[in-house]
Amino acid sequence: AQSVTQLDSHVSVSEGTPVLLRCNYSSSYSPSLFWYVQHPNKGLQLLLKYTSAATLVKGINGFEAEFKKSETSFHLTKPSAHMSDAAEYFCVVSVSTNAGKSTFGDGTTLTVKP
Amino acid sequence: GAVVSQHPSRVICKSGTSVKIECRSLDFQATTMFWYRQFPKQSLMLMATSNEGSKATYEQGVEKDKFLINHASLTLSTLTVTSAHPEDSSFYICSAIGISGRRGSSYEQYFGPGTRLTVT
């Protein structure tokens, strides 16, 4: 079984300040973890992924995430928020033993204030 | 261009009619495709898993006779919403996993851009 919990449904930051979106996962096997971003009325865009290589993963647009097995976490961070970062963010877990089926978190809405 | 495409991007239909949505992997062969639906301001809900050449596997609570899935080739899966009703209005998203070694060897899913279905 696998599950993912996004700890914050809404996060609001000021432009230029750091972003932290929290994600905890549960998995019986070694997971692959992903962060996706979705802008209004748009599809999903992959920000970054963890697949058992380096635990600190760098993604697009300055985002990065650190896989911490001991804490079962995969939090998404960015040093300095831009207005264009305002969107919905999804943390996703999948395991190869589950035929690649992915489980989505409920999402975190990021608001960036000028 | 997009790795996975969906057609149409938007469709409006009348209640009682059927609508077909296509999902294509453009530059790789997809052994498995997934269909999701997303209600406004909610997360994606997996509807079914589509494997090429076999019957789709539906998630609990999803009516297989209402949401017909066909995966006739390694690059195309279709979702047909039969006898659509207003409550079927949603954003439908497909994703594809490639044959290992080329795409998706880490079971990364490549998502289509989504189809907005409105049933009037």
For the residue pair B:Thr49 and B:Trp35, confirm or rule out a side-chain donor-acceptor distance under 3.5 Å. no
Taking only heavy atoms into account, what residues of residues 58-69 of chain B are found under 4.5 Å from chain A? B:Glu59
Neighbourhood of chain A inside residues 37-45 of chain B, taking heavy atoms under 4.5 Å as contact: B:Gln38, B:Gln42, B:Ser43, B:Leu44
Take B:Phe28 and B:Tyr110, measure what side-chain contact (heavy atoms from CB on, under 4.5 Å) needs, and give me the verdict at the end. CA-CA 11 Å; B:Phe28 67 103; B:Tyr110 294 86; 4.2 Å; yes
Residues sharing A:Phe63's hydrophobic cluster, by side-chain heavy-atom contacts under 4.5 Å among ILVMFWY, directly or via others? A:Val4, A:Val11, A:Val13, A:Val19, A:Leu21, A:Tyr25, A:Leu33, A:Trp35, A:Val37, A:Leu47, A:Leu48, A:Tyr50, A:Val57, A:Ile60, A:Phe67, A:Phe74, A:Leu76, A:Met83, A:Tyr89, A:Val93, A:Leu110, A:Val112
With a 6.0 Å cut-off on the ring centroids, do B:Phe91 and B:Tyr36 count as close? no
Flag yes if more than 12 heavy atoms outside B:Ile12 fall under 6.0 Å of its CD1 atom; otherwise flag no. no
Which residues share a side chain to side chain donor-acceptor pair (under 3.5 Å) with B:Arg10, sequence neighbours left out: none
Just so I understand: if I count every heavy-atom pair under 4.5 Å between each of A:Asp106, A:Val92, A:Thr109 and chain B, which residue has the most? A:Asp106
Please state whether the side chain, the backbone, both or neither of A:Gln38 comes within less than 4.5 Å of a heavy atom of chain B. side chain
Would you check, one step at a time, whether the test salt bridge (charged side-chain N to carboxylate O under 4.0 Å, His left out) holds for B:Glu22 with B:Arg24? CA-CA 7 Å; B:Glu22 293 185 348; B:Arg24 293 183 184 272; 3.4 Å; yes
Check whether the side chains of B:His71 and B:Ser50 place a donor and an acceptor atom closer than 3.5 Å, and report yes or no. yes
Taking atom types as modelled, is there a side-chain donor on A:Thr103 or A:Gln2 under 3.5 Å from an acceptor on the other? yes
Can you confirm whether or not the ring centre of A:Phe34 sits under 6.0 Å from the ring centre of A:Phe90? no
